[in-house]
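Reviewing the structure listed below.
Computed from a prediction, not measured in an experiment: that's the story for all the values here.
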Amino acid sequence: MKRRQLLLTLLGVPVVGSLIYGAIAKSKNQYEPVLAKSPASNPPENNPTFTAPTEEPLVRFAAIADNGFGSPDQMAVAKSMWETYQQKPYPFVLMAGDNIYSYGEISLAKAYFEEPYAPLLKENVKFYAVLGNHDIIKTNNGLDQINYPLFNMSDRYYSFTKGNTAEATVEFFAIDTNENAPWLEQLAWLDRQLANSTAPWKIVFGHHPLYSSGRHGSNPKLAAKLAPIFAKYKVSLYLCGHDHGYERFVPINGTTYIVNGGGGAPLYSFGKSPQTAFVSSQFSFMTFDVYQDKIITKAIATDGKVFDRAIITKTI
Ligand SMILES: [Fe+2]
């Protein structure tokens, strides 16, 4: 009998003590850190619902975050992105912040962005960036990055559509989640844009997570600002980084939240929450295949292996 259980039993509550001990053990277990490269729950190969569609997706794209570190790990992810591209090209990449460490200096863009992704840039793959916390330090509060053409940022927050049908298949909303963002204007803009959007799929990306089991963790202040808007307008996916590792949540009020921060900066340990669908802290990036009725997400490691897949369906 373990010490805690023995103590509770000695206190005269053997049955209840046992139950309490079970609950403590369970909750402790739920928040146990998941170390880098440790296998996570629900491995995709055990999930019978994943059968790759044979038809081409309407839109395909990739995503990274916390990548601009200039490290061999960033290069390894970039190499894996290029190898994946050669098999299945994707025309654009969402880059969810901390684009250039440590202070966002645009003078480092060549070494930390243009060189690692040179093969993709040569193929005219477009990167759409948002500002991470590191990107606003020595950059005139992010302006230098906004004005850098290869980041394709029309402003601190902006939207764009992709897809060939008359009604754009996906509308993307890039937001500035830093504390000093122009929140009043931005939230009014996001509300308006989402209300006016006719796109069947709406995807938001920003640097900071609303929900995370990584070192920084969940951000209730940010969630209070954004989660009601996401729910109101049926945003299918919120992609972010900031915590350096990978965590996908079960849909929360219709939105799938994914932390995708394994782009090259040193990894963090992650725990997991009851809403965690899959967590694994490793260097990685993601691809997304968008169909009429579903989005297939893949998290891909530096060896090219897909370590998590999910199917996002439309929120009714
Ligand atoms: Fe960050």
Over all atoms of both residues, closest heavy-atom pair of [X] and [Y]:
X	Y	answer
Asp144	Lys138	OD2-O, 4.1 Å
Gln292	Leu58	N-CD1, 3.5 Å
Gln74	Gly70	OE1-N, 2.7 Å
Asp243	Arg215	OD1-N, 3.1 Å
Ser80	Phe285	OG-CE2, 3.4 Å
Glu247	Lys272	OE2-CA, 4.3 Å

Got [X] and [Y] here, is their nearest side-chain heavy-atom distance under 4.5 Å?
X	Y	result
Phe288	Lys298	no
Lys202	Phe230	no
Val77	Asp73	no
Asp176	Val130	no
Glu83	Lys79	yes
Ile311	Thr313	yes
Ile296	Ile312	no
Tyr238	Thr256	no

Where the side chain of [X] meets the backbone of [Y], is there a donor-acceptor pair that is under 3.5 Å apart?
X	Y	result
Ser218	Ser212	yes
Asn67	Gly264	no
Ser281	Ser269	no
Trp201	Tyr291	yes
Gln282	Gly245	no
Thr177	Gly206	no
Thr276	Phe278	no

Roughly how far, to the nearest 0.5 Å, is [atom2] of [Y] from [atom1] of [X]?
X	Y	atom1	atom2	value
Asp308	Ile258	CG	CD1	7.5 Å
Leu226	His208	CG	NE2	11.5 Å
Leu150	Glu114	CG	CD	5.5 Å
Ile295	Ser236	CD1	OG	5.5 Å
Ile175	Ser159	CD1	OG	12.0 Å

task = Could you walk me through whether Tyr128 and Lys162 pass side-chain contact (heavy atoms from CB on, under 4.5 Å), step by step?
result = CA-CA 12 Å; Tyr128 293 93; Lys162 295 286 182 184; 2.9 Å; yes
request  = Quick one: do Glu171 and Ser197 satisfy side chain to side chain donor-acceptor pair (under 3.5 Å)? Show the steps, please.
outcome  = CA-CA 7 Å; Glu171 185 157 3; Ser197 176; 2.7 Å; yes
query = So, are Arg60 and Asp289 salt-bridged, with charged N and O less than 4.0 Å apart?
reply = yes
message = Do the side chains of Asp191 and Lys232 get close enough for a salt bridge, i.e. N-O under 4.0 angstrom?
response = yes
query = Asn147 and Ile106: side-chain contact (heavy atoms from CB on, under 4.5 Å), yes or no, with the steps?
reply = CA-CA 10 Å; Asn147 292 329; Ile106 211 67; over 6 Å; no
ask   = Considering residues at least two apart in sequence or located in another chain, which fulfil the ring-ring contact (aromatic ring centres under 6.0 Å, His included) criterion with Phe127?
value = Phe113, Tyr117
request  = Can you sort out the partners of Phe249 under ring-ring contact (aromatic ring centres under 6.0 Å, His included), two or more places apart, ordered by chain and number?
outcome  = none
ask   = Using a side-chain heavy atom cutoff under 4.5 Å and only I, L, V, M, F, W and Y, what cluster partners does Val250 have?
value = none
note = Grouping ILVMFWY residues whenever side-chain heavy atoms fall under 4.5 Å, the cluster of Ile137 otherwise contains Tyr103
task = Walk me through it: do Asn219 and Leu210 pass the test side-chain contact (heavy atoms from CB on, under 4.5 Å)?
result = CA-CA 5 Å; Asn219 185 332; Leu210 279 64; 5.9 Å; no
inquiry  = As a quick check of understanding, evaluate side-chain contact (heavy atoms from CB on, under 4.5 Å) for Leu190 and Lys225, giving each step before the final call.
reply    = CA-CA 11 Å; Leu190 186 61; Lys225 286 184 182 111; over 6 Å; no
task = Return yes if a side-chain donor-acceptor contact under 3.5 Å exists between Asn178 and Asn180, otherwise no.
result = no
inquiry  = Can you confirm if the aromatic rings of Phe307 and Tyr246 lie within a centre distance of less than 6.0 Å?
reply    = yes
request  = Begin with the C-alpha distance, continue with both residues' side-chain angles, and end with the deciding distance and a verdict on ring-ring contact (aromatic ring centres under 6.0 Å, His included) for Phe172 and Phe61.
outcome  = CA-CA 11 Å; Phe172 294 91; Phe61 64 97; 5.0 Å; yes
query = How far apart are the C-alpha atoms of Ser107 and Glu105, what are their side-chain angles, what is the distance that settles it, and do they pass the side chain to side chain donor-acceptor pair (under 3.5 Å) test?
reply = CA-CA 5 Å; Ser107 58; Glu105 308 98 308; 5.8 Å; no
request  = Among Tyr157, Trp183, Tyr158, find the one that has a ring-ring contact (aromatic ring centres under 6.0 Å, His included) with Trp189.
outcome  = Tyr157
Consider only side-chain heavy atoms of I, L, V, M, F, W and Y, link residues closer than 4.5 Å, and tell whether [X] and [Y] are in one cluster.
X	Y	result
Ile100	Met75	no
Phe69	Phe151	no
Ile203	Val59	yes

Contact list for residues 92-101, test side-chain hydrogen bond (donor to acceptor under 3.5 Å, both in side chains), sequence neighbours left out = Asp66-Tyr101, Asp98-Tyr101, Asp98-His207, Asn99-Asp135, Asn99-Gln145, Tyr101-His244
Quick one: side chains of residues 86-96, donor-acceptor pairs under 3.5 Å with protein atoms, not counting sequence neighbours, listed by atom name and distance.
from  : atom 1 : to    : atom 2 : distance (Å)
Gln86 : OE1    : Trp82 : NE1    : 3.4
Tyr90 : OH     : Met81 : O      : 2.7

